[in-house]
Amino acid sequence: MNTSGFFVTGDPMIYGADVSIVLASIAIVFSLTYFKKWGWLWREWLTTVDHKKIGIMYLLAALLMLFRGGVDAILMRIQLAVPNSHFLPSEHYNEIFTTHGTIMILFMAMPFMFALFNIVVPLQIGARDVAFPMLNAVSFWLFFIGAMLFNISFVIGGSPDAGWLSYPPLSEKAFSPGPGENFWIWGIQISGIGSLLTGINFVVTILKMRTPSMRLRHMPLFSWSVLSSSIAILGAFPILAVTLVMLTIDRLMGGHFFTMDAGGNPMMYVNLIWMWGHPEVYIVVLPAFGVFSEVVATFSRKRIFGYSSMVFSMIAISVVSYYTWVHHFFTMGAGADVNIVFAICTMIIAIPTGVKIFNWLFTMYRGRIRLTQPMLWTFAFIPCFAIGGATGVMLAAAPADYQYHNSYFLIAHFHQTLIGGVVFGYIAGMYYWFPKIFGFSLNEKLGKWAFWLWQIGFYVCFMPQYALGFMGMTRRIYTYNNTMGWDMGWAPLNIISTVGAFLMGIAFVFQVWQILYSIKHGERDVTGDIWDGRTLEWSLPSPAPLYNFAILPEVNGIDSFWYQKQAIQNGDYQPTAPKYEPIHMPKNTSIPFIMSIFWFIAGFGFTFEWIWMGVAGLIGVVITLIVRSFQYDTDYYIPVEEVEQTEKRLRNHSSVHLTAN
């Protein structure tokens with residue numbers, strides 16, 4: 001491909017992407033203009049500070065990035081299906097390899113996680129909003145702008161090709177001279193700032209915004225998982241930010257932090273990036289554990305087994321995750337003493353994960369299990385993650401890792417845990433809370449087709465890769481010869497793996513079809529409690545009103561909503577007549593969206609080393625902060641009459657109205 005100019009040229013797929021981008025943009029502009037929705041878009045979405053709408057935008061972005069990252073994966077599998085393939089040139093393969101990993105971890109898993117944070121946590125803890133609504137909007141728009149900056153590298157300037165973690169010296173200016181690597185740095189830096197702000201916001205929200213009667217020991221396990229993940233974010237993402245600043249100094253200012261000349265050391269970068277990178281793995285999987293805990297308890301109709309041990313294990317994972325990063329480079333030659341410490345820590349972290357799996361199984365034991373879509377994904381997760389955990393312990397043994405390291409065995413393990421844990425978990429969460437978000441459930445038949453295609457495709461794709469690793473196939477190669485392909489047996493297993501990738505792609509198409517079909521034909525949630533849930537979000541109508549709770553709920557213990565429902569059914573509890581008061585809410589603001597535009601300008605300018613544009617963008621960011629500091633009319637009160645009318649309209653069919661004493 002030719003990237004000497006501003007636009008990427010020379011590849012038919014790039015031209016196809018150009019055409020699709022132009023057509024999609026025209027269609028969006030035409031639709032908004034024809035249906036006169038520009039004002040609606042601005043008022044309801046671009047300037048919103050409502051945590052529920054922000055969660056929906058995160059969810060849509062995550063699904064879009066899942067599509068983009070999935071296409072990259074299928075392109076790589078086509079290239080590797082047969083020996084001596086010329087489907088992709090080596091440069092293009094490296095770019096796809098880089099963007100696939102970056103998108104799936106930072107631009108798919110993170111927004112999927114933040115979508116559930118925003119949609120569920122305030123409802124579960126009896127709060128009317130997050131602690132910092134305006135900061136929450138800033139977090140989303142920084143993520144979104146960072147993701148867009150990274151993704152336009154496909155057609156403008158050229159994609160990064162130094163790997164999804166951009167190890168030096170390959171990511172240094174001498175080996176990656178174009179703007180591609182700068183796109184990687186600034187896209188991740190901007191979105192990473194948004195992620196850090198989200199972590200701060202939800203730590204404060206959970207600790208300070210719970211309904212007054214909810215103690216920490218009564219908090220739902222999903223909210224506990226969010227707290228654990230957010231605490232880990234506070235420790236990990238500053239490391240990422242500083243590392244990217246150092247790499248930027250190397251590339252743009254002639255620094256030598258990570259070069260061998262002038263006293264630098266590439267291994268310092270590897271240590272720093274994995275000091276963020278391995279906690280990041282647990283950051284994205286901990287909320288999935290919280291999802292499974294809610295799903296298992298609800299669809300087994302039982303209180304979760306071992307609540308205290310579940311909480312302790314999540315906190316333990318978030319802490320021990322900081323002492324495992326060296327297992328990613330046991331072969332660097334740090335010495336036996338260092339390797340032993342990190343090998344032991346890596347094995348220790350499997351213990352709290354095992355505790356959780358046994359607790360979920362004990363919760364299901366003798367429960368009245370309903371095989372709903374969320375429960376199916378939970379069942380699929382348990383054996384998948386158990387295999388991933390077992391292969392993780394194999395990799396944790398330093399002597400064995402010398403054989404497995406950089407092989408396709410590692411690729412299979414990584415995807416076993418990240419797809420089996422994170423993707424399965426967030427899909428289960430999406431199905432579980434979808435009725436609460438949108439007021440209707442997703443079609444069961446199409447969902448089960450998607451589920452089974454996902455499961456079959458997953459194992460067909462990744463099980464052969466364990467064998468390929470044992471057979472000597474290393475990662476990061478883009479082709480192999482006939483001797484390796486047919487005589488050593490790589491090609492048949494790669495063909496099978498590619499078939500599995502296509503099956504997962506078809507499964508995603510079924511899920512898109514399922515969502516579109518269910519918009520019109522999905523079962524409407526008229527009660528607000530479609531699953532007969534146990535936590536506070538199910539006490540609200542679906543979708544929840546702007547203010548969430550007209551009256552802050554009373555919580556007397558774990559699963560308080562469930563036990564109050566049982567008491568009402570038994571005639572032992574009578575809800576009191578609600579007494580409404582004006583509700584304090586934040587006003588919408590355009591500052592986060594405008595600030596993100598300036599961040600985009602700054603990132604784009606520094607990416608192409610147009611310092612004037614980068615500095616202008618940063619000045620714009622500062623101006624928006626100053627303007628915000630002089631805004632005093634930032635909130636309002638919803639009057640009692642409006643609250644009464646809204647509650648009367650929404651609660652005609654709702655199940656229980658919990659009131660504070």
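Everything quoted here is computed from the prediction, not taken from an experiment.
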query: With Thr102, which residues qualify under side-chain hydrogen bond (donor to acceptor under 3.5 Å, both in side chains), at least two apart?
result: Trp184

statement: When rounded to the nearest 0.5 Å, the distance separating CD of Glu95 from CG of Leu88 is 10.0 Å

message: Run Met13 and His92 through side chain to side chain contact (heavy atoms under 4.5 Å, CB included) and show every step you take.
response: CA-CA 10 Å; Met13 282 190 286; His92 197 179; 3.4 Å; yes

message: Just checking Trp164 against Phe97, ring centres under 6.0 Å apart?
response: no

- prompt: Are any non-hydrogen side-chain atoms of Arg251 and Ser176 less than 4.5 angstrom apart?
  reply: yes

- prompt: Does Met332 CE have over 12 foreign heavy atoms under 6.0 Å away?
  reply: yes

task: Determine the sole option in Asp633, Asp129, Asp635 for which the salt bridge (charged side-chain N to carboxylate O under 4.0 Å, His left out) test with Lys587 is passed.
output: Asp633

query: Got a sec, which residues hit side-chain contact (heavy atoms from CB on, under 4.5 Å) with His100, two or more places apart in sequence or on another chain?
result: Asp72, Ala73, Met76, Met104, His415

task: Could you point out which residue of Phe222, Phe117, Phe114, Phe132 forms a ring pair (Phe, Tyr, Trp, His ring centres under 6.0 Å) with Phe202?
output: Phe117

query: Would Trp42 and Thr47 satisfy side chain to side chain donor-acceptor pair (under 3.5 Å), going step by step from the backbone distance to the final call?
result: CA-CA 6 Å; Trp42 178 259; Thr47 62; 4.7 Å; no

message: Would you call the rings of Phe6 and Trp610 parallel, tilted or perpendicular, taking 30° and 60° as the class edges?
response: parallel

Set of residues satisfying side-chain hydrogen bond (donor to acceptor under 3.5 Å, both in side chains) with respect to Thr346, sequence neighbours excluded: His327

query: Tell me, do Leu197 and Val138 make a side-chain contact under 4.5 Å, heavy atoms counted?
result: yes

field: Residue of the set Phe183, Phe600, Trp186 for which ring pair (Phe, Tyr, Trp, His ring centres under 6.0 Å) holds with Phe606
entry: Trp186

- request: Using the salt bridge (Lys or Arg N to Asp or Glu O under 4.0 Å) rule, collect all pairs that involve residues 39-65, keeping only residues at least two apart or in two chains.
  value: Glu44-Lys53, Asp50-Lys52

- request: To the nearest 0.5 angstrom, please state how far the CE atom of Met314 sits from the CG atom of Leu227.
  value: 9.0 Å

message: With a 4.0 Å cut-off on N to O distance, would you call Lys173 and Asp250 a salt bridge?
response: no

- prompt: Should the pair Trp274 and His278 be assigned to parallel (<30°), tilted (30 to 60°) or perpendicular (>60°) ring geometry?
  reply: tilted

query: Any side-chain donor paired with an acceptor under 3.5 Å for Trp276 and Thr243?
result: no

field: Passing candidate, side chain to side chain donor-acceptor pair (under 3.5 Å) with Asn118, options Asn201, Asn136, Thr198, Thr205
entry: Asn136

query: Would you say Tyr323 has more than 12 foreign heavy atoms packed within less than 6.0 Å of its OH?
result: no

task: May I ask you to decide if the ring planes of Tyr404 and Phe409 are parallel, tilted or perpendicular, using 30° and 60° as cut-offs?
output: parallel

- prompt: Got Met134 and Pro586 here, is their nearest side-chain heavy-atom distance under 4.5 Å?
  reply: no

- request: Indicate yes or no: at least one non-hydrogen side-chain atom of Val29 is less than 4.5 angstrom from one of Tyr34.
  value: no

Solution key, residues 231-241 side-chain donor-acceptor pairs under 3.5 Å, sequence neighbours excluded:
none

query: Once you round to the nearest 0.5 Å, how far does CD of Gln189 lie from CD1 of Ile185?
result: 9.0 Å

message: Which residue in the set Tyr322, Trp325, Phe330, Phe329 passes ring pair (Phe, Tyr, Trp, His ring centres under 6.0 Å) when paired with Phe342?
response: Trp325

- request: Give a yes or no on whether Phe67 atom CZ has more than 12 heavy-atom contacts from other residues, nucleotides or ligands under 6.0 Å away.
  value: no

Residues forming a side-chain contact (heavy atoms from CB on, under 4.5 Å) with Pro111, sequence neighbours excluded: Tyr58, Ala62, Phe143

